[in-house]
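As the structure lists them, so they are numbered: ligands from 1, and atoms in each ligand from 1. In this chain, residues are counted from 1 in sequence order.
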Amino acid sequence: MRNGKYDSLDAEVSNMHCAFCNRDDISYIFKETPNFLLAADHAPLVEGHLLIIPKQHYTCYGDVPAAMDDELLTLKHEVQQFFTRFYAPAVFWEHGIFRQTVFHAHLHCFPWGATGYDFSEGLHNAVIDSQEGVRKWYLSQGHYFYMEDRSAALLFAPETERYLGIVKSVFWRGITSSGGRVEWRSPQQRFEEGVPLIRAVLEKWQVFQQGTKQGRARKRATMRF
Ligand SMILES: [Zn+2]
Ligand SMILES: [Zn+2]
């Protein structure tokens with residue numbers, strides 16, 4: 001119950017068991033902004049697997065209001081800088097509601113450089129250039145899944161064939177290129193094997209944060225002269 005006891009009962013029932021509404025359930029929070037958390041996926045596929053989670057309960061990013069776009073973009077940009085410095089540029093991924101395991105919007109961030117997606121495969125349904133595109137799709141078509149790298153942001157209709165096509169071409173490539181393992185592992189196994197990966201990315205994040213703080217201090221110092 002985050003917004004007082006007059007929340008609608010529906011919202012309360014659906015949020016009660018939501019892992020992302022209960023902050024205590026999110027073990028590694030890297031950063032907090034007014035409306036978002038940047039956290040480690042607790043069962044990471046590779047080192048650097050992070051999540052951007054709105055603090056309020058939204059079912060997917062198609063449901064997140066436009067007023068939060070700038071804040072989201074700034075946070076994505078920061079992840080992009082972090083990944084580019086320590087790993088490779090970011091691939092952002094959202095299931096939408098399709099194949100979600102936690103029913104609260106979250107954007108996966110993977111340090112894979114590029115998706116390597118082949119447009120001629122025609123698995124995507126739309127190329128978009130802003131969050132507005134995600135909202136429009138969600139409003140008119142409903143569920144989706146979403147993938148973005150530095151060259152394009154794509155929306156896909158929630159169909160198993162498209163999904164598996166992307167998992168095979170993009171995920172397998174990304175996981176192997178970051179030294180991960182592509183054989184199927186249970187979430188429990190990924191969780192147990194994930195602890196050293198999370199520690200490693202957290203250490204790099206601290207170095208990164210230190211760097212940005214020093215950068216800001218340097219800027220302030222030079223501005224004084
Ligand atoms: Zn929630
Ligand atoms: Zn997910």
Side-chain angles (χ1 to χ4, degrees), residues 1-5 7-30 32-65 68 71-72 75-76 79 83 90-112 115 131 134 138 142-149 153-160 162-164 166-168 170-172 174-175 178 180 182 184-191 193-194 197-198 201:
M1 195 166 20
R2 291 163 308 118
N3 302 323
K5 55 179 153 188
D7 265 1
S8 84
L9 187 63
D10 272 1
E12 217 161 279
V13 168
S14 66
N15 295 357
M16 201 155 43
H17 301 293
C18 175
F20 291 163
C21 279
N22 298 305
R23 189 184 287 230
D24 295 345
D25 291 353
I26 308 175
S27 330
Y28 296 92
I29 295 174
F30 283 35
E32 179 173 354
T33 69
N35 290 294
F36 295 96
L37 297 174
L38 175 66
D41 191 302
H42 79 300
L45 289 176
V46 296
E47 182 185 322
H49 183 179
L50 303 181
L51 301 174
I52 298 178
I53 308 167
K55 289 183 190 171
Q56 277 193 52
H57 189 91
Y58 296 102
T59 50
C60 64
Y61 271 96
D63 196 26
V64 170
M68 286 159 63
E71 196 180 322
L72 173 65
L75 192 53
K76 280 172 77 179
V79 170
F83 278 6
V91 169
F92 297 104
W93 165 262
E94 197 204 348
H95 319 267
I97 295 170
F98 184 61
R99 300 226 169 193
Q100 229 173 8
T101 50
V102 176
F103 296 94
H104 178 134
H106 57 283
L107 188 68
H108 290 264
C109 316
F110 298 110
W112 290 342
T115 61
Q131 285 302 112
V134 183
Y138 184 57
H143 296 183
Y144 63 87
F145 61 97
Y146 172 87
M147 184 170 77
E148 174 193 341
D149 68 6
L154 307 171
L155 278 176
F156 301 79
E159 292 157 8
T160 304
R162 292 178 201 276
Y163 189 86
L164 295 180
I166 290 300
V167 166
K168 254 189 211 154
V170 176
F171 275 67
W172 288 11
I175 292 171
S178 348
V182 289
W184 189 85
R185 292 176 297 147
S186 69
Q188 182 59 26
Q189 205 177 346
R190 282 198 281 137
F191 174 69
E193 292 172 3
L197 299 180
I198 295 174
V201 62

**Asked** What class does the angle between the rings of F110 and H49 fall in, given that below 30° is parallel, 30 to 60° is tilted and above 60° is perpendicular?
**Response** tilted

**Asked** At the Zn ion (ligand 2), what's the angle from H95 NE2 to H108 NE2, rounded to 10 degrees?
**Response** 90°

**Request:** Give the name of the N/O/S atom in H57 that lies closest to the Zn ion (ligand 1).
**Result:** ND1

**Aromatic plane relationship, H95 with W93 - under 30° parallel, 30 to 60° tilted, over 60° perpendicular** = perpendicular

**Item:** Ring center gap for H106 and H104 short of 6.0 angstrom
**Value:** no

**Request:** Determine, using ring centers only, whether H108 and F92 are less than 6.0 Å apart.
**Result:** no

**Asked** Where the Zn ion (ligand 1) is the centre, what is the SG-to-ND1 angle for C18 and H104, rounded to 10°?
**Response** 100°

